Amino acid sequence: MTTGDPLIVLDGVNKWFGPLHVLDDVSLSVGRGEVVVVIGPSGSGKSTLCRTINRLEPIDSGTITFDGQPLPAEGKPLAKLRSEVGMVFQSFNLFAHKTILENVALGPVKVRKEKPAAARERGLALLDRVGIANQADKYPAQLSGGQQQRAAIARALAMQPKAMLFDEPTSALDPEMVGEVLDVMTSLASEGMTMVVVTHEMGFARHAANRVIFMADGKLVEDAPPTEFFANPRSERAKDFLSKILTH
Amino acid sequence: MGEFFRVLTDNASLFREGFYNTVKLFLIAGVGSLVLGMLLGAMRVSPVPALRAFGATYVNLVRNTPLTLVFAFLVFAVPKLDVNIDYFNSACIALTAYTSAFICEVVRSGVNTVATGQAEAARALGMTFAQVLTLIVLPQALRAMVPPMMSVLIAMLKNTTIAAGFSVLEAGAIPAYMSERGEPQFIVLTWIVIGFLILILPLVVLQRILERKWAVAR
């Protein structure tokens, strides 16, 4: 199912939080334009996996390469890599002291040194695309959760990233706002954006993912196309997990 | 009542010179310790372990040393190293070195009030440590920093009186001169208290203004 050459490659990645082996020899390759959904019970290491890709979490052993280059350890090279990987957080993390438009234009202006007027113009177009152009001059706290998360997606897209990481983007949302965020993500996926999505939204995994990764206890247990994974999970852990979430 | 005002008018030049030097000490050491304190605070929250260790060591060493000892080091010990600094400059350095340790901790506690997700989001955009701190974290931390920062600055303004013990003619030195002139100490000290209240008033007003200004920023 890989659609193109590998963009993100994890090889033998291990990470401990104290005695907890949170990533246990994880290897994974994500092709350019591919949408990979990571699911699994809480505490399985899926968020940590997502956060290692732009080194918000450093790893203890193994290698991660992005677009052919090993992740830089720190400093300017790491900052440059991060600017090429968009990230969307569970808790939105919009800059509370800046308006929505300032949030979206800040990265291009300060990191990419774009002209403020051009960055604002592109920012407005992105806000329009995610359907909240009319909220541009408000502060994050004045928006609903769904609107904030769509603004956060626009902020990440403003950097014109090569890949997007979504760390449980809908888990903090009221149920009626989940759809509007998933709609934006689905359209992004259909436009060919490379995406790693940690989520509990099985519907999104079914219709938007090229591959589903199932994690448990820090291990990558299954890696299969969604139709195959949901119809015939091979491992007991995956069967157990799916029976718990799909029977309701 | 006439006696009360006579003490001030008869010795106006002494009061003027004393408080002039107090204000000068305060302004120089105030700017100095704000700059140095911010730098130390940035070190304490930086990702570089050596800088964090330096910041922590500085704070623990200097904050736990009595201010009179810091003065004594500069006035009595440093000249032994063939470094000559006059009394006034020594006082400025002592106050700056001491107060910046407290400012550093105010900065650090302010930074800690900002949710970690804010800095994470900024780092994820590719901002450098300096950008994360100056564009995202500090602007949001300022509001929480204002009240303790003003307390530190007010304490420093009063701490300037220690310089009197080290040959600097500032407000704290006035009583000694006045007792030589045979002026009533009770009235002299009351005037000095009034002087300090007047000096501290603008700081209190500034605190109010800043709190109001930043209260609506989100």
Side-chain angles (χ1 to χ4, degrees), chain A residues 47 50-51 53-58 72-99 102-113 138-142 148 151-152 155-161 163-167 172, chain B residues 38-39 41-55 106-147 149 209-218:
Chain A
S47 274
C50 185
R51 290 162 56 87
I53 296 172
N54 66 354
R55 214 179 151 80
L56 280 183
E57 296 287 355
E74 57 189 25
K76 287 248 156 61
L78 177 60
K80 184 171 183 302
L81 172 119
R82 284 174 174 157
S83 74
E84 294 173 353
V85 184
M87 181 144 197
V88 176
F89 300 85
Q90 180 176 351
S91 49
F92 328 134
N93 294 348
L94 289 171
F95 304 131
H97 62 308
K98 305 239 174 236
T99 65
E102 285 167 350
N103 263 276
V104 175
L106 193 66
V109 172
K110 296 296 179 183
V111 177
R112 290 275 158 76
K113 313 294 178 199
K138 290 189 181 167
Y139 284 92
Q142 294 170 289
Q148 286 190 56
R155 175 176 68 179
L157 289 176
M159 298 299 287
Q160 297 168 316
M164 289 277 287
L165 309 174
F166 293 85
D167 185 6
Chain B
M38 285 273 181
L39 278 176
M43 284 182 188
R44 292 210 70 176
V45 297
S46 87
V48 184
L51 290 180
R52 280 204 304 271
F54 175 83
V106 170
V107 171
R108 194 166 68 95
S109 64
V111 166
N112 286 340
T113 64
V114 180
T116 52
Q118 296 283 308
E120 261 181 7
R123 294 204 328 260
L125 282 176
M127 290 190 194
T128 61
F129 171 73
Q131 287 177 322
V132 174
L133 201 62
T134 57
L135 296 173
I136 304 302
V137 177
L138 280 182
Q140 297 187 64
L142 283 177
R143 191 170 62 152
M145 279 160 49
V146 169
M149 189 74 89
I209 292 170
L210 291 180
E211 281 179 8
R212 286 230 186 100
K213 188 178 165 212
W214 287 325
V216 288
R218 69 163 90 186

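Chain identifiers are assigned alphabetically (A, B, ...) following the order of the sequence lines, protein sequences preceding nucleic acid strands; residue numbering begins at 1 within each chain. Values in this document were obtained by computation on a predicted structure and should not be read as measured data.
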Worksheet item: Heavy-atom distance under 4.5 Å to chain A: side chain of B/Ala122, backbone, both or neither?
Response: both

Response to the item:
If one checks every heavy atom of B/Gln118 against chain A at 4.5 Å, the contacting part turns out to be both

Worksheet item: Given a strict heavy-atom distance threshold of 4.5 Å, which part of A/Leu81 is in contact with chain B: side chain, backbone, both, or neither?
Response: neither

Discussion item. Less than 4.5 Å to any heavy atom of chain B: does that hold for the side chain of A/Arg155, its backbone, both, or neither?
Written reply: both

Fill in: Side-chain donor/acceptor of A/Asn54 to backbone N/O of A/Arg82, under 3.5 Å
no

Worksheet item: Do the side chain of A/Arg55 and the main chain of A/Ala73 share a donor and acceptor less than 3.5 angstrom apart?
Response: yes

Practice prompt. Test side-chain contact (heavy atoms from CB on, under 4.5 Å) on B/Val107 and B/Leu138 and set out the steps.
Written response: CA-CA 8 Å; B/Val107 171; B/Leu138 280 182; 4.2 Å; yes

Tabulate below the donor-acceptor pairs under 3.5 Å that side-chain atoms of residues 83-91 of chain A make, not counting sequence neighbours, or state none.
| residue | atom | partner | partner atom | Å |
| --- | --- | --- | --- | --- |
| A/Ser83 | OG | A/Lys80 | O | 2.6 |
| A/Ser83 | OG | A/Arg112 | NH2 | 3.2 |
| A/Glu84 | OE1 | A/Lys162 | NZ | 3.4 |
| A/Glu84 | OE2 | A/Lys80 | NZ | 3.0 |
| A/Ser91 | OG | A/Asn93 | OD1 | 3.1 |

